[in-house]
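Lettering of chains follows the sequences in order, A, B, ..., and the numbering in each one begins at 1.
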Number of protein chains: 6
Amino acid sequence: MPLVNVKVIEGVFTPAQKQEMIRKLTDAMVSIEGENMRSVTSVIIDEVKSGDWGIGGKPLTTADVKSLAAGKPKG
Amino acid sequence: MPLVNVKVIEGVFTPAQKQEMIRKLTDAMVSIEGENMRSVTSVIIDEVKSGDWGIGGKPLTTADVKSLAAGKPKG
Amino acid sequence: MPLVNVKVIEGVFTPAQKQEMIRKLTDAMVSIEGENMRSVTSVIIDEVKSGDWGIGGKPLTTADVKSLAAGKPKG
Amino acid sequence: MPLVNVKVIEGVFTPAQKQEMIRKLTDAMVSIEGENMRSVTSVIIDEVKSGDWGIGGKPLTTADVKSLAAGKPKG
Amino acid sequence: MPLVNVKVIEGVFTPAQKQEMIRKLTDAMVSIEGENMRSVTSVIIDEVKSGDWGIGGKPLTTADVKSLAAGKPKG
Amino acid sequence: MPLVNVKVIEGVFTPAQKQEMIRKLTDAMVSIEGENMRSVTSVIIDEVKSGDWGIGGKPLTTADVKSLAAGKPKG
(Lines give C-alpha, C1' and ligand atoms only; values in the text may rest on other atoms or scores of the structure.)
Protein backbone atom coordinates (compact mmCIF):
# COMPACT_ATOMS: atom_id res chain seq x y z
CA MET A 1 0.00 0.00 0.00
CA PRO A 2 2.34 2.79 0.84
CA LEU A 3 3.01 5.04 -2.11
CA VAL A 4 6.01 7.34 -2.09
CA ASN A 5 5.83 10.09 -4.70
CA VAL A 6 8.99 12.14 -5.12
CA LYS A 7 9.13 15.41 -7.03
CA VAL A 8 12.51 16.66 -8.24
CA ILE A 9 13.68 19.13 -10.86
CA GLU A 10 14.67 17.41 -14.12
CA GLY A 11 18.35 16.90 -14.83
CA VAL A 12 19.45 17.05 -11.21
CA PHE A 13 19.68 13.29 -10.73
CA THR A 14 21.09 10.72 -13.15
CA PRO A 15 19.12 7.57 -14.01
CA ALA A 16 21.47 5.60 -11.72
CA GLN A 17 20.76 8.00 -8.84
CA LYS A 18 17.02 7.69 -9.44
CA GLN A 19 17.32 3.87 -9.24
CA GLU A 20 19.22 4.30 -5.98
CA MET A 21 16.45 6.64 -4.78
CA ILE A 22 13.76 4.04 -5.52
CA ARG A 23 15.77 1.37 -3.66
CA LYS A 24 16.66 3.48 -0.63
CA LEU A 25 13.22 5.05 -0.15
CA THR A 26 11.67 1.57 -0.35
CA ASP A 27 14.18 0.26 2.19
CA ALA A 28 13.40 3.18 4.51
CA MET A 29 9.67 2.38 4.33
CA VAL A 30 10.24 -1.37 4.81
CA SER A 31 12.41 -0.72 7.89
CA ILE A 32 9.30 0.79 9.50
CA GLU A 33 6.41 -1.20 8.04
CA GLY A 34 8.12 -4.61 7.93
CA GLU A 35 9.44 -6.85 5.19
CA ASN A 36 5.98 -8.27 4.37
CA MET A 37 5.01 -4.89 2.94
CA ARG A 38 7.93 -4.61 0.49
CA SER A 39 6.10 -6.02 -2.53
CA VAL A 40 3.25 -3.51 -2.16
CA THR A 41 5.46 -0.46 -1.59
CA SER A 42 5.74 1.80 -4.63
CA VAL A 43 7.95 4.78 -5.41
CA ILE A 44 7.15 7.18 -8.25
CA ILE A 45 9.55 9.96 -9.31
CA ASP A 46 8.06 12.99 -11.07
CA GLU A 47 10.38 15.43 -12.79
CA VAL A 48 9.46 19.10 -12.95
CA LYS A 49 10.89 21.35 -15.69
CA SER A 50 13.85 23.55 -14.81
CA GLY A 51 12.43 26.88 -13.61
CA ASP A 52 8.96 25.50 -12.88
CA TRP A 53 9.63 25.18 -9.14
CA GLY A 54 9.72 28.31 -7.00
CA ILE A 55 10.65 28.88 -3.39
CA GLY A 56 9.69 32.20 -1.86
CA GLY A 57 8.49 33.27 -5.32
CA LYS A 58 11.88 32.75 -7.00
CA PRO A 59 12.15 30.10 -9.74
CA LEU A 60 14.79 27.40 -9.27
CA THR A 61 16.60 26.05 -12.31
CA THR A 62 18.48 22.76 -12.60
CA ALA A 63 21.70 24.80 -12.38
CA ASP A 64 20.52 26.51 -9.18
CA VAL A 65 19.90 23.16 -7.52
CA LYS A 66 23.28 21.83 -8.60
CA SER A 67 24.96 24.93 -7.14
CA LEU A 68 23.01 24.52 -3.92
CA ALA A 69 23.99 20.83 -3.69
CA ALA A 70 27.62 21.79 -4.27
CA GLY A 71 27.45 24.34 -1.47
CA LYS A 72 27.77 27.37 -3.74
CA PRO A 73 25.64 30.49 -3.23
CA LYS A 74 22.84 30.87 -5.83
CA GLY A 75 23.51 33.22 -8.77
CA MET B 1 -15.93 18.42 -8.94
CA PRO B 2 -14.52 14.96 -9.02
CA LEU B 3 -10.99 14.92 -10.31
CA VAL B 4 -9.47 11.67 -11.52
CA ASN B 5 -5.68 11.79 -11.81
CA VAL B 6 -4.10 8.79 -13.48
CA LYS B 7 -0.38 8.07 -13.37
CA VAL B 8 1.08 5.72 -15.99
CA ILE B 9 4.54 5.02 -17.36
CA GLU B 10 5.19 6.88 -20.61
CA GLY B 11 4.95 4.95 -23.86
CA VAL B 12 2.69 2.22 -22.50
CA PHE B 13 -0.52 3.69 -23.89
CA THR B 14 -1.10 5.22 -27.31
CA PRO B 15 -2.82 8.62 -27.66
CA ALA B 16 -5.97 6.77 -28.77
CA GLN B 17 -5.88 4.58 -25.66
CA LYS B 18 -5.45 7.65 -23.47
CA GLN B 19 -8.54 9.23 -25.08
CA GLU B 20 -10.42 6.01 -24.39
CA MET B 21 -9.14 6.14 -20.79
CA ILE B 22 -10.48 9.69 -20.33
CA ARG B 23 -13.87 8.67 -21.75
CA LYS B 24 -14.23 5.41 -19.80
CA LEU B 25 -13.04 6.78 -16.44
CA THR B 26 -15.47 9.70 -16.85
CA ASP B 27 -18.30 7.28 -17.70
CA ALA B 28 -17.42 5.17 -14.62
CA MET B 29 -17.64 8.25 -12.39
CA VAL B 30 -20.88 9.48 -14.02
CA SER B 31 -22.51 6.04 -13.54
CA ILE B 32 -22.11 6.63 -9.77
CA GLU B 33 -22.49 10.38 -9.36
CA GLY B 34 -25.19 10.94 -11.99
CA GLU B 35 -25.31 12.55 -15.42
CA ASN B 36 -25.60 16.09 -14.00
CA MET B 37 -22.01 15.83 -12.78
CA ARG B 38 -20.48 14.94 -16.15
CA SER B 39 -19.50 18.48 -17.16
CA VAL B 40 -17.58 19.02 -13.90
CA THR B 41 -15.76 15.67 -13.94
CA SER B 42 -12.12 15.93 -15.00
CA VAL B 43 -9.51 13.31 -15.84
CA ILE B 44 -5.79 14.16 -15.96
CA ILE B 45 -3.18 11.67 -17.17
CA ASP B 46 0.40 12.10 -15.92
CA GLU B 47 3.17 10.17 -17.59
CA VAL B 48 6.18 9.08 -15.56
CA LYS B 49 9.52 8.37 -17.25
CA SER B 50 10.44 4.76 -17.97
CA GLY B 51 12.37 3.46 -14.95
CA ASP B 52 11.11 6.21 -12.61
CA TRP B 53 8.44 3.96 -11.04
CA GLY B 54 9.50 1.23 -8.65
CA ILE B 55 7.57 -1.58 -7.01
CA GLY B 56 9.26 -3.34 -4.09
CA GLY B 57 12.36 -1.25 -4.81
CA LYS B 58 12.76 -2.47 -8.41
CA PRO B 59 12.41 0.08 -11.24
CA LEU B 60 9.82 -0.67 -13.93
CA THR B 61 10.55 0.31 -17.52
CA THR B 62 8.06 0.78 -20.34
CA ALA B 63 9.23 -2.58 -21.69
CA ASP B 64 8.63 -4.27 -18.31
CA VAL B 65 5.04 -3.03 -18.24
CA LYS B 66 4.42 -4.17 -21.82
CA SER B 67 5.76 -7.63 -20.94
CA LEU B 68 3.57 -7.75 -17.87
CA ALA B 69 0.51 -6.71 -19.89
CA ALA B 70 1.32 -9.42 -22.44
CA GLY B 71 1.53 -12.00 -19.69
CA LYS B 72 5.27 -12.56 -20.03
CA PRO B 73 7.52 -12.91 -16.98
CA LYS B 74 9.69 -9.82 -16.31
CA GLY B 75 13.31 -9.95 -17.48
CA MET C 1 1.44 0.13 -12.34
CA PRO C 2 -1.39 2.43 -13.19
CA LEU C 3 -2.46 4.52 -10.24
CA VAL C 4 -5.84 6.24 -10.28
CA ASN C 5 -6.14 8.99 -7.67
CA VAL C 6 -9.62 10.43 -7.27
CA LYS C 7 -10.35 13.63 -5.36
CA VAL C 8 -13.90 14.25 -4.15
CA ILE C 9 -15.52 16.47 -1.54
CA GLU C 10 -16.17 14.60 1.72
CA GLY C 11 -19.69 13.44 2.44
CA VAL C 12 -20.82 13.38 -1.18
CA PHE C 13 -20.34 9.65 -1.66
CA THR C 14 -21.29 6.86 0.77
CA PRO C 15 -18.77 4.12 1.64
CA ALA C 16 -20.71 1.76 -0.65
CA GLN C 17 -20.45 4.26 -3.52
CA LYS C 18 -16.71 4.60 -2.93
CA GLN C 19 -16.32 0.82 -3.12
CA GLU C 20 -18.27 0.87 -6.38
CA MET C 21 -15.97 3.67 -7.59
CA ILE C 22 -12.85 1.60 -6.85
CA ARG C 23 -14.32 -1.39 -8.68
CA LYS C 24 -15.60 0.51 -11.73
CA LEU C 25 -12.49 2.69 -12.22
CA THR C 26 -10.34 -0.45 -12.00
CA ASP C 27 -12.57 -2.21 -14.54
CA ALA C 28 -12.33 0.81 -16.86
CA MET C 29 -8.51 0.69 -16.69
CA VAL C 30 -8.39 -3.09 -17.15
CA SER C 31 -10.66 -2.86 -20.23
CA ILE C 32 -7.87 -0.82 -21.86
CA GLU C 33 -4.67 -2.26 -20.38
CA GLY C 34 -5.72 -5.91 -20.27
CA GLU C 35 -6.63 -8.37 -17.53
CA ASN C 36 -2.97 -9.13 -16.70
CA MET C 37 -2.63 -5.61 -15.28
CA ARG C 38 -5.54 -5.86 -12.83
CA SER C 39 -3.49 -6.91 -9.80
CA VAL C 40 -1.14 -3.93 -10.18
CA THR C 41 -3.87 -1.34 -10.76
CA SER C 42 -4.56 0.85 -7.71
CA VAL C 43 -7.27 3.38 -6.95
CA ILE C 44 -6.92 5.89 -4.11
CA ILE C 45 -9.77 8.19 -3.07
CA ASP C 46 -8.86 11.45 -1.31
CA GLU C 47 -11.58 13.44 0.40
CA VAL C 48 -11.34 17.21 0.56
CA LYS C 49 -13.16 19.17 3.28
CA SER C 50 -16.47 20.81 2.39
CA GLY C 51 -15.68 24.35 1.19
CA ASP C 52 -12.01 23.59 0.47
CA TRP C 53 -12.59 23.15 -3.29
CA GLY C 54 -13.25 26.19 -5.42
CA ILE C 55 -14.30 26.58 -9.05
CA GLY C 56 -13.94 30.04 -10.58
CA GLY C 57 -12.94 31.30 -7.13
CA LYS C 58 -16.19 30.17 -5.43
CA PRO C 59 -15.97 27.53 -2.69
CA LEU C 60 -18.10 24.40 -3.15
CA THR C 61 -19.64 22.74 -0.12
CA THR C 62 -20.88 19.17 0.18
CA ALA C 63 -24.43 20.58 -0.04
CA ASP C 64 -23.57 22.49 -3.25
CA VAL C 65 -22.35 19.30 -4.89
CA LYS C 66 -25.45 17.38 -3.83
CA SER C 67 -27.66 20.12 -5.29
CA LEU C 68 -25.67 20.07 -8.50
CA ALA C 69 -25.95 16.26 -8.71
CA ALA C 70 -29.70 16.54 -8.14
CA GLY C 71 -29.99 19.07 -10.95
CA LYS C 72 -30.87 22.00 -8.70
CA PRO C 73 -29.37 25.44 -9.22
CA LYS C 74 -26.71 26.37 -6.64
CA GLY C 75 -27.78 28.60 -3.76
CA MET D 1 5.17 25.03 4.62
CA PRO D 2 2.44 25.78 2.19
CA LEU D 3 2.94 24.00 -1.10
CA VAL D 4 1.07 25.20 -4.18
CA ASN D 5 1.04 22.65 -7.00
CA VAL D 6 -0.36 23.90 -10.30
CA LYS D 7 -1.27 21.63 -13.18
CA VAL D 8 -1.55 23.12 -16.66
CA ILE D 9 -1.50 21.78 -20.21
CA GLU D 10 1.94 22.08 -21.81
CA GLY D 11 2.51 24.88 -24.28
CA VAL D 12 -0.27 27.11 -22.97
CA PHE D 13 2.00 29.33 -20.88
CA THR D 14 5.40 30.75 -21.84
CA PRO D 15 8.38 30.46 -19.45
CA ALA D 16 7.90 34.14 -18.59
CA GLN D 17 4.24 33.54 -17.73
CA LYS D 18 5.19 30.59 -15.55
CA GLN D 19 7.67 32.78 -13.66
CA GLU D 20 4.91 35.34 -13.20
CA MET D 21 2.63 32.52 -11.97
CA ILE D 22 5.19 31.44 -9.34
CA ARG D 23 5.56 35.03 -8.15
CA LYS D 24 1.85 35.90 -8.07
CA LEU D 25 0.70 32.65 -6.43
CA THR D 26 3.40 33.11 -3.76
CA ASP D 27 2.29 36.71 -3.20
CA ALA D 28 -1.33 35.57 -2.89
CA MET D 29 -0.36 33.03 -0.21
CA VAL D 30 1.86 35.52 1.63
CA SER D 31 -0.95 38.10 1.71
CA ILE D 32 -2.91 35.59 3.83
CA GLU D 33 -0.24 33.77 5.84
CA GLY D 34 2.07 36.73 6.47
CA GLU D 35 5.49 37.78 5.20
CA ASN D 36 7.34 35.50 7.65
CA MET D 37 6.07 32.49 5.69
CA ARG D 38 7.39 33.63 2.29
CA SER D 39 10.67 31.71 2.43
CA VAL D 40 8.89 28.42 3.15
CA THR D 41 6.19 28.84 0.50
CA SER D 42 6.76 26.72 -2.61
CA VAL D 43 5.07 26.64 -5.99
CA ILE D 44 5.48 23.70 -8.37
CA ILE D 45 4.12 23.75 -11.93
CA ASP D 46 3.38 20.39 -13.59
CA GLU D 47 2.73 20.28 -17.30
CA VAL D 48 0.36 17.68 -18.72
CA LYS D 49 0.63 16.58 -22.35
CA SER D 50 -1.78 18.11 -24.87
CA GLY D 51 -4.84 15.84 -25.02
CA ASP D 52 -4.11 14.14 -21.67
CA TRP D 53 -6.62 16.29 -19.76
CA GLY D 54 -10.32 15.67 -20.21
CA ILE D 55 -13.37 17.56 -19.01
CA GLY D 56 -16.70 15.75 -19.24
CA GLY D 57 -14.87 12.93 -21.02
CA LYS D 58 -13.58 15.14 -23.87
CA PRO D 59 -9.81 15.56 -24.26
CA LEU D 60 -8.48 19.14 -24.26
CA THR D 61 -5.53 20.01 -26.45
CA THR D 62 -3.17 22.97 -26.11
CA ALA D 63 -5.01 24.53 -29.07
CA ASP D 64 -8.39 24.04 -27.37
CA VAL D 65 -7.19 25.88 -24.27
CA LYS D 66 -5.77 28.74 -26.35
CA SER D 67 -9.10 29.07 -28.17
CA LEU D 68 -10.96 29.04 -24.88
CA ALA D 69 -8.63 31.71 -23.45
CA ALA D 70 -9.18 33.81 -26.58
CA GLY D 71 -12.95 33.52 -26.16
CA LYS D 72 -13.46 31.39 -29.25
CA PRO D 73 -15.84 28.43 -29.24
CA LYS D 74 -14.05 25.03 -29.18
CA GLY D 75 -13.67 23.20 -32.50
CA MET E 1 -8.19 23.80 -17.03
CA PRO E 2 -5.65 25.03 -14.60
CA LEU E 3 -5.82 23.18 -11.31
CA VAL E 4 -4.20 24.71 -8.24
CA ASN E 5 -3.70 22.20 -5.41
CA VAL E 6 -2.57 23.71 -2.12
CA LYS E 7 -1.25 21.64 0.77
CA VAL E 8 -1.26 23.17 4.24
CA ILE E 9 -1.06 21.84 7.80
CA GLU E 10 -4.50 21.53 9.41
CA GLY E 11 -5.57 24.19 11.85
CA VAL E 12 -3.24 26.88 10.53
CA PHE E 13 -5.86 28.65 8.45
CA THR E 14 -9.46 29.43 9.39
CA PRO E 15 -12.34 28.59 7.02
CA ALA E 16 -12.54 32.31 6.14
CA GLN E 17 -8.82 32.37 5.30
CA LYS E 18 -9.23 29.29 3.12
CA GLN E 19 -12.08 30.99 1.22
CA GLU E 20 -9.81 34.01 0.75
CA MET E 21 -7.07 31.65 -0.47
CA ILE E 22 -9.39 30.12 -3.09
CA ARG E 23 -10.40 33.58 -4.29
CA LYS E 24 -6.91 35.10 -4.39
CA LEU E 25 -5.18 32.12 -6.01
CA THR E 26 -7.91 32.06 -8.67
CA ASP E 27 -7.49 35.81 -9.25
CA ALA E 28 -3.71 35.34 -9.56
CA MET E 29 -4.21 32.65 -12.23
CA VAL E 30 -6.86 34.70 -14.08
CA SER E 31 -4.55 37.75 -14.16
CA ILE E 32 -2.18 35.64 -16.28
CA GLU E 33 -4.46 33.36 -18.27
CA GLY E 34 -7.27 35.85 -18.92
CA GLU E 35 -10.82 36.27 -17.66
CA ASN E 36 -12.23 33.67 -20.09
CA MET E 37 -10.44 30.95 -18.12
CA ARG E 38 -11.95 31.84 -14.74
CA SER E 39 -14.83 29.35 -14.86
CA VAL E 40 -12.48 26.44 -15.57
CA THR E 41 -9.89 27.36 -12.92
CA SER E 42 -10.07 25.17 -9.81
CA VAL E 43 -8.39 25.41 -6.43
CA ILE E 44 -8.28 22.44 -4.03
CA ILE E 45 -6.94 22.75 -0.48
CA ASP E 46 -5.61 19.58 1.18
CA GLU E 47 -4.94 19.61 4.90
CA VAL E 48 -2.14 17.49 6.32
CA LYS E 49 -2.21 16.36 9.97
CA SER E 50 -0.11 18.32 12.48
CA GLY E 51 3.31 16.63 12.63
CA ASP E 52 2.89 14.83 9.29
CA TRP E 53 4.97 17.40 7.37
CA GLY E 54 8.72 17.46 7.83
CA ILE E 55 11.39 19.87 6.62
CA GLY E 56 14.99 18.69 6.86
CA GLY E 57 13.71 15.59 8.65
CA LYS E 58 12.04 17.53 11.48
CA PRO E 59 8.25 17.27 11.86
CA LEU E 60 6.29 20.53 11.85
CA THR E 61 3.21 20.86 14.04
CA THR E 62 0.36 23.35 13.71
CA ALA E 63 1.90 25.22 16.66
CA ASP E 64 5.31 25.33 14.95
CA VAL E 65 3.79 26.92 11.85
CA LYS E 66 1.87 29.48 13.92
CA SER E 67 5.10 30.41 15.75
CA LEU E 68 6.92 30.72 12.45
CA ALA E 69 4.15 32.92 11.02
CA ALA E 70 4.29 35.09 14.14
CA GLY E 71 8.05 35.50 13.72
CA LYS E 72 8.95 33.48 16.81
CA PRO E 73 11.81 30.99 16.78
CA LYS E 74 10.68 27.33 16.74
CA GLY E 75 10.71 25.44 20.05
CA MET F 1 13.78 21.14 -3.46
CA PRO F 2 13.00 17.50 -3.38
CA LEU F 3 9.51 16.81 -2.09
CA VAL F 4 8.61 13.35 -0.86
CA ASN F 5 4.87 12.78 -0.58
CA VAL F 6 3.86 9.53 1.11
CA LYS F 7 0.33 8.14 1.01
CA VAL F 8 -0.68 5.58 3.62
CA ILE F 9 -3.96 4.26 5.00
CA GLU F 10 -4.94 5.99 8.26
CA GLY F 11 -4.35 4.15 11.51
CA VAL F 12 -1.64 1.87 10.14
CA PHE F 13 1.26 3.89 11.52
CA THR F 14 1.54 5.52 14.95
CA PRO F 15 2.63 9.17 15.29
CA ALA F 16 6.07 7.92 16.42
CA GLN F 17 6.36 5.74 13.30
CA LYS F 18 5.40 8.68 11.11
CA GLN F 19 8.14 10.80 12.71
CA GLU F 20 10.58 7.97 12.02
CA MET F 21 9.30 7.87 8.43
CA ILE F 22 9.96 11.60 7.96
CA ARG F 23 13.48 11.21 9.37
CA LYS F 24 14.43 8.07 7.45
CA LEU F 25 13.01 9.20 4.08
CA THR F 26 14.87 12.51 4.47
CA ASP F 27 18.10 10.66 5.32
CA ALA F 28 17.63 8.41 2.27
CA MET F 29 17.28 11.48 0.02
CA VAL F 30 20.24 13.27 1.62
CA SER F 31 22.45 10.19 1.16
CA ILE F 32 21.97 10.68 -2.60
CA GLU F 33 21.66 14.44 -3.03
CA GLY F 34 24.20 15.48 -0.40
CA GLU F 35 24.01 17.10 3.03
CA ASN F 36 23.67 20.63 1.59
CA MET F 37 20.18 19.72 0.36
CA ARG F 38 18.84 18.56 3.75
CA SER F 39 17.24 21.88 4.74
CA VAL F 40 15.25 22.05 1.48
CA THR F 41 14.07 18.43 1.54
CA SER F 42 10.44 18.02 2.60
CA VAL F 43 8.35 14.98 3.45
CA ILE F 44 4.54 15.13 3.56
CA ILE F 45 2.43 12.21 4.78
CA ASP F 46 -1.17 11.98 3.54
CA GLU F 47 -3.55 9.59 5.21
CA VAL F 48 -6.30 7.96 3.19
CA LYS F 49 -9.47 6.67 4.88
CA SER F 50 -9.71 2.95 5.62
CA GLY F 51 -11.38 1.32 2.60
CA ASP F 52 -10.64 4.24 0.24
CA TRP F 53 -7.60 2.50 -1.33
CA GLY F 54 -8.15 -0.37 -3.71
CA ILE F 55 -5.75 -2.79 -5.36
CA GLY F 56 -7.09 -4.85 -8.24
CA GLY F 57 -10.51 -3.34 -7.54
CA LYS F 58 -10.68 -4.61 -3.94
CA PRO F 59 -10.81 -2.04 -1.11
CA LEU F 60 -8.12 -2.29 1.58
CA THR F 61 -9.02 -1.45 5.16
CA THR F 62 -6.65 -0.52 7.98
CA ALA F 63 -7.19 -4.05 9.35
CA ASP F 64 -6.30 -5.60 5.96
CA VAL F 65 -3.00 -3.73 5.89
CA LYS F 66 -2.18 -4.73 9.46
CA SER F 67 -2.87 -8.39 8.60
CA LEU F 68 -0.69 -8.11 5.52
CA ALA F 69 2.12 -6.52 7.54
CA ALA F 70 1.82 -9.34 10.10
CA GLY F 71 2.09 -11.91 7.34
CA LYS F 72 -1.49 -13.16 7.65
CA PRO F 73 -3.63 -13.90 4.61
CA LYS F 74 -6.32 -11.25 3.94
CA GLY F 75 -9.88 -12.00 5.12
(request) Considering only heavy atoms and a distance below 4.5 Å, find which of E:A70, E:A69, E:G34 pairs most often with chain D. (result) E:A69
(message) So which residue, E:V40, E:V4, E:N5, E:V8, ends up with the most heavy-atom pairs under 4.5 Å with chain D?
(response) E:N5
(message) Once rounded to the nearest 0.5 Å, what's the spacing between atom NZ of E:K66 and atom CD1 of E:I9?
(response) 11.5 Å
(message) Does any backbone or side-chain atom of E:M1 lie under 4.5 Å from a heavy atom of chain D? Answer side chain, backbone, both or neither.
(response) both
(message) I'd like to know if the side chain of E:T62 reaches the main chain of E:E10, judged simply by a donor and an acceptor atom lying under 3.5 Å from each other, with no hydrogens or angles considered.
(response) yes
(message) Please output the residues of residues 17-32 of chain E in contact with chain D, using a heavy-atom cutoff of under 4.5 Å, in numerical order.
(response) E:Q17, E:E20, E:M21, E:K24, E:L25, E:A28, E:M29, E:S31, E:I32
(message) Would you say E:D64 and E:T61 are linked by a side-chain donor-acceptor pair, where the criterion is simply a distance under 3.5 Å?
(response) yes
(message) Are the side chains of E:K7 and D:P2 in contact, using a 4.5 Å heavy-atom criterion?
(response) no
(message) Quick check: under 4.5 Å, non-hydrogen atoms only, which of residues 41-51 of chain E neighbour chain D?
(response) none
(request) Go through D:V6, D:V65, D:L3 and name the one with the most non-hydrogen pairs under 4.5 angstrom from chain E. (result) D:L3
